[in-house]
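A short worksheet on the structure shown next.
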Amino acid sequence: LDSDGSLLDAISLATYAALGDTALPKVQTFSAQDGEVKIDVADAIEDCETFDVSSVPVFISLVQIGTSFVVDALAVEEACAVAKLCVGVTAVGKVCSTLKSQGRGMHPLQIVRMVKGAVAVGKERIQLLDRKLVQGKAAAAADDIYMDV
């Protein structure tokens, strides 16, 4: 990260990746013979469940320059922008948040164009991130197998 790009976009991608890489141990409760409730927490990684990130959004920031828009604008592009729109998008393309900031009002048709662009970019980024998470888990599993030998 440097001074270019949106901090909100970067934070949302990092949050998505962290949640997607989270392993939750299975927890079971049972009653002991003495009537006390016992808790059994799985300690093997194979007994863990992954966190469902299908509804976790990533944010895509776009700026309007003239009648065009730029995704993930550089600082110099943001300085030229007349408006900025941040859109929260899920893996299935559901828009769950919009935030208009910076500059003047926007024409409704421009907002629709920008949201459609954000949905396309958001779905693409999530697909890429999901592939990287799968590759990372496969590499970690291979390392575990190698270390057990």
Side-chain angles (χ1 to χ4, degrees), residues 1-65 68-78 81 83-102 106 108-149:
L1 289 176
D2 56 22
S3 63
D4 290 333
S6 171
L7 184 59
L8 181 60
D9 294 11
I11 290 170
S12 71
L13 289 170
T15 301
Y16 185 95
L19 291 173
D21 197 39
T22 298
L24 303 170
K26 291 183 182 174
V27 178
Q28 295 180 329
T29 59
F30 58 93
S31 297
Q33 289 180 346
D34 60 3
E36 189 174 320
V37 175
K38 301 284 185 177
I39 298 174
D40 182 34
V41 179
D43 56 357
I45 193 72
E46 299 83 28
D47 296 331
C48 292
E49 298 175 351
T50 57
F51 189 83
D52 178 17
V53 292
S54 62
S55 62
V56 175
V58 297
F59 283 87
I60 307 300
S61 295
L62 310 97
V63 296
Q64 181 181 349
I65 302 174
S68 301
F69 63 88
V70 176
V71 176
D72 199 21
L74 301 172
V76 68
E77 293 167 326
E78 282 201 28
K84 181 175 183 178
L85 186 68
C86 296
V87 183
V89 180
T90 66
V92 295
K94 181 178 178 183
V95 174
C96 59
S97 173
T98 56
L99 171 66
K100 183 349 196 137
S101 63
Q102 184 178 328
M106 299 172 66
L109 292 178
Q110 182 67 358
I111 294 172
V112 170
R113 284 184 56 225
M114 291 174 78
V115 168
K116 285 181 180 179
V119 167
V121 171
K123 288 171 63 174
E124 183 180 302
R125 285 187 182 173
I126 289 173
Q127 289 171 358
L128 175 63
L129 193 50
D130 285 343
R131 285 194 301 271
K132 293 295 183 182
L133 286 169
V134 168
Q135 290 172 358
K137 288 175 185 177
D143 286 346
D144 287 345
I145 291 170
Y146 176 75
M147 294 179 85
D148 289 341
V149 174

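Along the sequence shown, the residues carry numbers beginning at 1.
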Minimal non-hydrogen separation, Ile60 against Ala118, with atom names: CG1-O, 3.7 Å

Spacing of Ser97 atom OG and Leu8 atom CG [to the nearest 0.5 Å]: 8.0 Å

CG on Leu129 to CG on Asp21, rounded to 0.5 Å: 10.0 Å

Nearest non-hydrogen partners of Thr90 and Cys96, listed with the distance: CG2-SG, 4.5 Å

Flag side-chain contact, heavy atom, 4.5 Å: Leu85 against Val115: yes

Criterion side chain to side chain contact (heavy atoms under 4.5 Å, CB included) against Met114, the qualifying member of Val87, Leu109, Leu62, Thr98: Leu62

Distance (rounded to the nearest 0.5 Å) between Ser6 OG and Glu78 CD: 7.0 Å

Closest non-hydrogen atom pair, Leu133 against Gly20: CD1-CA, 4.1 Å

Within 6.0 Å of NZ in Lys94, more than 12 heavy atoms from elsewhere: no

Shortest non-hydrogen contact from Ala42 toward Pro25: O-CB, 3.5 Å

From SG (Cys86) to CD (Gln102), nearest 0.5 Å: 9.5 Å

Closest heavy-atom pair and its distance - Val56, Phe51: CG2-CE2, 4.4 Å

Distance in Å, Glu77 CD paired with Lys84 NZ, rounded so as to fall on 0.5 Å steps: 12.0 Å

Among Asp9, Asp130, Val89, the one residue meeting side chain to side chain contact (heavy atoms under 4.5 Å, CB included) with Arg125: Asp9

Distance (rounded to the nearest 0.5 Å) between Leu13 CG and Lys132 NZ: 13.5 Å

Sub-4.5 Å side-chain heavy-atom contact between Arg131 and Val134: no

